[in-house]
Structure formats: structure tokens, C-alpha cells
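A quick note: this is a predicted structure, and the numbers were derived from the prediction, not measured. In listed order, ligands and their atoms are each counted from 1.
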Amino acid sequence: MFKRFFENVIKPKDNFGGRLMLKSMNKGHEKLAGWGRSFLQVNPGDRVLDLGCGGGRNIEYFLSKTDRVYGLDYSKTSVEVASNLNKEAIRDGRCQILEGHAKKIPFADGSMDLVTAFETIYFWNPLDECFREIYRVLKEDGQFFICNEAASPDQENIKKWVDMLKFEVYLPEDLTIRLSKIGFSCQYHVDKKGQLAFLARKQGKK
Ligand SMILES: C[S@@+](CC[C@H](N)C(=O)[O-])C[C@H]1O[C@@H](n2cnc3c(N)ncnc32)[C@H](O)[C@@H]1O
């Protein structure tokens, strides 16, 4: 039962546990997300897409910076909870939140200034296909931002979750190799808690 509840981090289910997990993640991830967002500059008019948006708290934050914010999540319960949190912005035409997989992003080539992924790439499969899709939807010079609570599968704060839920924690060196091959230039920061903020900028096609 404990494990069943925590499986909601991978893909929140359409039940009480799924909705509870999404609300808990909105609160529980805020400190990490706030730290991560401090690496970003979002200007009015920027088009921002948050992938694996979960309960929609990062979308709510980006809406305080720009009027063009989009969310995508392959859990329909995430889409429902995130849409509810941001319903005024959706009503006003400032925000759109869609159901879909990061490997098939329903937006046009070169349409986004910033694509973000908070606490979600652990579950993306195939990872490189998702990264190529992000490259496609970004404008030239646009940025892809990854924020993870762990930068290594051996870190104490993540080990027990990896053992229980079987997901991938990527080393920043591995992410750099994967993203550079696609045509991103990469830089990252790991803080003393082991939190990862990773920025990849779209360069010309390789
Ligand atoms: C751990 S939650 C993080 C949610 C939110 N980003 C946050 O930081 O609170 C992971 C989210 O990513 C979504 N997700 C996982 N894999 C995905 C994929 N391949 N495509 C789209 N969404 C995905 C899950 O449905 C879930 O809502």
C-alpha cells in the first residue's frame, strides 16, 4: 500500500492517492523548485513549457513572469490538478495544459523560449527521444532546464526511492554527453545537498 501510494510520483493515478500526491508535490517540491528557478531569467512575452508539470506549481510561478505558459504531462490527473490550480490563467488565454508524453510534444518547431523539467526526467523513456523533441520545439538559443533533487543514484536522499520505485537518476556528465550530441551547449551546478540545476542551450543543428 505504501509503495502503491508512492508510485503516484511516476504517473499520478486517477484516484484520491494520485490527487493527494500532486498536492503534496506542489508543496514539498517548492523549496527545490525555488532554488532551481533562481537560475532562470524569464522575460515578459517568453513562451515557457513545463514538461511533467505535475500539480502545476511551476506553471503558476512562470505565469507571474510571462503571459505564455504551457504545461504537458502524461497523467490526466496531473493535467486536471494543474489546470485547476491555474484555471484563471487558462480562462484568460495565458496558459494551456495538455496531456501527452515528452517524446511527442504537441507544439510547433521553434516555438518555445524555455522548456523546463522539474523532478521528472527520471521517468522519461526513451530519454534521448524526449531530448530531441525538446530541441525541436525550442527556438534557436532557447534553453532547456532540468532541476533534480539528486545528481547521482548513490545519493542518500534518493537511494531508497530508486530501490523501491526503480527509476533512473542521471549523472550531470551523462546528461552533458546526451544533450551535446543533439546540439545543446550545457552547464550545470550541483549544490552541497546534491541538488542538480542543469541548463542546456540550443545551438545550431549538428
Ligand atoms: C515527480 S512528479 C514532478 C511533478 C512536478 N514537476 C514537480 O516538480 O512537482 C513527475 C511528473 O512527471 C510526469 N511524467 C513522467 N514521465 C513523463 C513523460 N514521459 N511525459 C510527460 N510527463 C511525464 C508524471 O506524470 C508526474 O506528473
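With respect to the salt-bridge test (charged N to carboxylate O, under 4.0 angstrom), the residues Glu60 and Arg57 qualify. A salt bridge links Lys76 to Asp14: at least one charged side-chain nitrogen sits closer than 4.0 Å to a carboxylate oxygen.
Between Phe131 and Phe144, a ring centre-to-centre spacing shorter than 6.0 Å is recorded.
Residue pairs meeting the side-chain hydrogen bond (donor to acceptor under 3.5 Å, both in side chains) criterion with at least one member in residues 81-107, sequence neighbours excluded, are Asp67-Arg94.
Annotation: cation-pi pair Lys202/Phe184 absent, no NZ/CZ under 6.0 Å from the ring centroid and within 45° of its normal.
Side-chain contact between Leu171 and Pro153 is present, with at least one heavy-atom pair separated by less than 4.5 Å.
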Quick check on ligand 1: any N or O pairs to the protein under 3.5 Å? One line per pair.
{"residue": "ligand 1", "atom": "6 (N)", "partner": "Gly52", "partner atom": "O", "Å": "2.8"}
{"residue": "ligand 1", "atom": "6 (N)", "partner": "Phe118", "partner atom": "O", "Å": "2.8"}
{"residue": "ligand 1", "atom": "8 (O)", "partner": "His29", "partner atom": "ND1", "Å": "3.2"}
{"residue": "ligand 1", "atom": "8 (O)", "partner": "Phe118", "partner atom": "O", "Å": "3.4"}
{"residue": "ligand 1", "atom": "9 (O)", "partner": "His29", "partner atom": "ND1", "Å": "2.8"}
{"residue": "ligand 1", "atom": "12 (O)", "partner": "Thr120", "partner atom": "OG1", "Å": "2.9"}
{"residue": "ligand 1", "atom": "16 (N)", "partner": "Tyr74", "partner atom": "OH", "Å": "3.4"}
{"residue": "ligand 1", "atom": "19 (N)", "partner": "His101", "partner atom": "NE2", "Å": "3.3"}
{"residue": "ligand 1", "atom": "20 (N)", "partner": "Ala102", "partner atom": "N", "Å": "3.0"}
{"residue": "ligand 1", "atom": "22 (N)", "partner": "Tyr74", "partner atom": "N", "Å": "3.2"}
{"residue": "ligand 1", "atom": "25 (O)", "partner": "Asp73", "partner atom": "OD1", "Å": "2.6"}
{"residue": "ligand 1", "atom": "27 (O)", "partner": "Asp73", "partner atom": "OD1", "Å": "3.3"}
{"residue": "ligand 1", "atom": "27 (O)", "partner": "Asp73", "partner atom": "OD2", "Å": "2.7"}
{"residue": "ligand 1", "atom": "27 (O)", "partner": "Ser78", "partner atom": "OG", "Å": "3.0"}

